Amino acid sequence: DLLHHIYQLAGSTKKSKYDKIPLPPLWEEAHQNAFDECKHLLVNTMKQSHIIPRATLCLMTDASDRFYAALLTQVERWEEGVPVEKQQHLPVATLSGKFTASQINWSTIEKEAFAIYCALMKWEWLLRDIEFILHTDHRNLTFIERDARGKVKRWKLAIQSFNFKIEWVKGSSNILADKLSRPDIE
């Protein structure tokens, strides 16, 4: 549209004619401010790292009513006795998604289990044959090996070949995955 307007003003499509048409500035202060803000956000985002051999890998998952999330981190020097949220985590990968209309009706355990299943399927290439700790704030999932029905049982069968240990963490300690699964909360 802008180019067509310029051709009309110049009375020609020849470059020598329309180069002489004065144009209003297209890049205004608001554009520059938005661009600068984008640059700032990109520079200050969470930096992801490559997997470090012998680091402790942690998979943190969470689900809310409408969203699910997973965060894969590594701790280079795991300190025994120090809570997981106080360890020095280096992020490796993040995953989040929105439940479909039918998935919103699932039970809490199904939503939480789905977050785990999705993360393991997405990061199979990273986690296959590597020992890691799965942190969940849903205590019932720590018993997934003993009691699972329906969808959860199928997901359990799909992930049983992974080498992980499930650890329960308080919801207030599952901060990183919690924030990813609740994008509308500041």
Side-chain angles (χ1 to χ4, degrees), residues 45-46 48-76 78-186:
T45 60
M46 179 173 62
Q48 294 184 324
S49 62
H50 295 285
I51 290 180
I52 300 167
R54 292 178 293 285
T56 301
L57 285 175
C58 300
L59 176 59
M60 300 172 211
T61 62
D62 193 35
S64 64
D65 290 337
R66 299 178 326 179
F67 301 95
Y68 62 92
L71 175 65
L72 181 62
T73 67
Q74 60 187 339
V75 178
E76 206 167 353
W78 187 269
E79 297 179 46
E80 290 301 323
V82 176
V84 64
E85 70 272 14
K86 302 279 188 206
Q87 300 285 347
Q88 296 297 310
H89 292 271
L90 298 170
V92 175
T94 58
L95 167 74
S96 62
K98 186 175 181 178
F99 289 117
T100 64
S102 63
Q103 291 170 333
I104 287 174
N105 298 321
W106 287 353
S107 67
T108 302
I109 195 167
E110 289 172 322
K111 289 178 181 179
E112 295 277 354
F114 184 72
I116 294 168
Y117 171 76
C118 283
L120 292 176
M121 294 302 101
K122 173 101 175 161
W123 298 325
E124 179 179 9
W125 63 279
L126 281 171
L127 297 172
R128 180 69 65 196
D129 302 324
I130 294 179
E131 186 177 332
F132 62 95
I133 304 168
L134 171 61
H135 299 278
T136 178
D137 62 1
H138 193 70
R139 193 180 292 271
N140 288 347
L141 284 176
T142 61
F143 307 111
I144 195 170
E145 292 153 359
R146 285 190 277 167
D147 181 33
R149 295 178 188 91
K151 290 186 269 307
V152 178
K153 188 167 203 142
R154 286 190 300 277
W155 296 332
K156 178 191 163 220
L157 290 171
I159 67 172
Q160 71 183 1
S161 61
F162 288 90
N163 185 11
F164 64 93
K165 175 174 68 169
I166 299 177
E167 289 186 5
W168 175 78
V169 294
K170 290 189 294 189
S172 59
S173 298
N174 199 17
I175 299 163
L176 298 171
D178 193 55
K179 285 201 174 281
L180 288 172
S181 70
R182 288 164 176 78
D184 49 350
I185 296 176
E186 289 294 319

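In this text the structure is predicted, and so the values were computed from the model without any measurement.
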To the nearest 0.5 Å, what is the distance between CD1 (I130) and CZ (F162)?
10.5 Å

Measure the spacing between CZ of F132 and CD1 of I51 and express it to the nearest 0.5 Å.
10.5 Å

I'd like to know whether L72 forms a side chain to side chain contact (heavy atoms under 4.5 Å, CB included) with L127, so could you lay out the CA-CA distance, the side-chain angles of the two residues, the decisive distance to 0.1 Å, and finally the verdict.
CA-CA 10 Å; L72 181 62; L127 297 172; 3.9 Å; yes

Side chain to side chain, E110 and V152, heavy atoms closer than 4.5 Å
yes

For I52, does its backbone N or O pair with a side-chain atom of Q74 as donor and acceptor, under 3.5 Å?
yes

Kindly compute the distance separating CH2 (W106) from OG1 (T100), expressed to the nearest 0.5 Å.
6.5 Å

Smallest separation among heavy atoms of F99 and S64, with atom names
CE1-O, 3.5 Å

Is there side-chain contact between I133 and V84, with at least one heavy-atom pair below 4.5 Å?
no

Is the side chain of Q87 donor-acceptor paired with the backbone N or O of E79 at a distance under 3.5 Å, no angle test?
yes

To the closest 0.5 Å, what do you measure between CG (L120) and OG (S161)?
9.0 Å

Could you tell me whether the side chain of K98 and the main chain of R66 form a donor-acceptor pair under 3.5 Å?
no

Mark yes when over 12 heavy atoms from residues, nucleotides or ligands other than Y117 sit less than 6.0 Å from its OH; otherwise mark no.
no

Distance in Å, T56 OG1 paired with E76 CD, rounded so as to fall on 0.5 Å steps:
10.0 Å

Tell me whether K111 contacts the main-chain N or O of Y68 through its side chain, where contact means a donor paired with an acceptor under 3.5 Å.
no

Considering all heavy atoms, the nearest T61-E112 contact
O-OE1, 4.4 Å

With rounding to the nearest 0.5 Å, note down the distance linking NZ in K151 to OG in S107.
7.5 Å

For P83, enumerate each residue passing the side chain to side chain contact (heavy atoms under 4.5 Å, CB included) test, keeping only those at least two apart in sequence or located in another chain.
E85, K86

Tell me the salt bridge (charged side-chain N to carboxylate O under 4.0 Å, His left out) pairs involving residues 116-126, sequence neighbours left out?
E124-R128

Going by the angle between their ring planes, with limits at 30° and 60°, are W78 and H135 parallel, tilted or perpendicular?
parallel

Report the C-alpha distance between W123 and V92 in whole Å, list the side-chain angles of each, state the deciding distance to 0.1 Å, and finish with yes or no for side chain to side chain contact (heavy atoms under 4.5 Å, CB included).
CA-CA 10 Å; W123 298 325; V92 175; over 6 Å; no

Under 3.5 Å donor-acceptor, T73 side chain and L90 backbone
no

Closest approach of A158 and M121, non-hydrogen atoms and distance?
O-CE, 4.0 Å

Would you say that I159 contacts F164 through its side chain, given a criterion of any heavy-atom pair below 4.5 Å between the two side chains?
yes

For a 4.5 angstrom cut-off between non-hydrogen side-chain atoms, does L134 reach K165?
no

Where L59 and A70 come nearest, the two heavy atoms and their spacing
CD1-CB, 4.1 Å

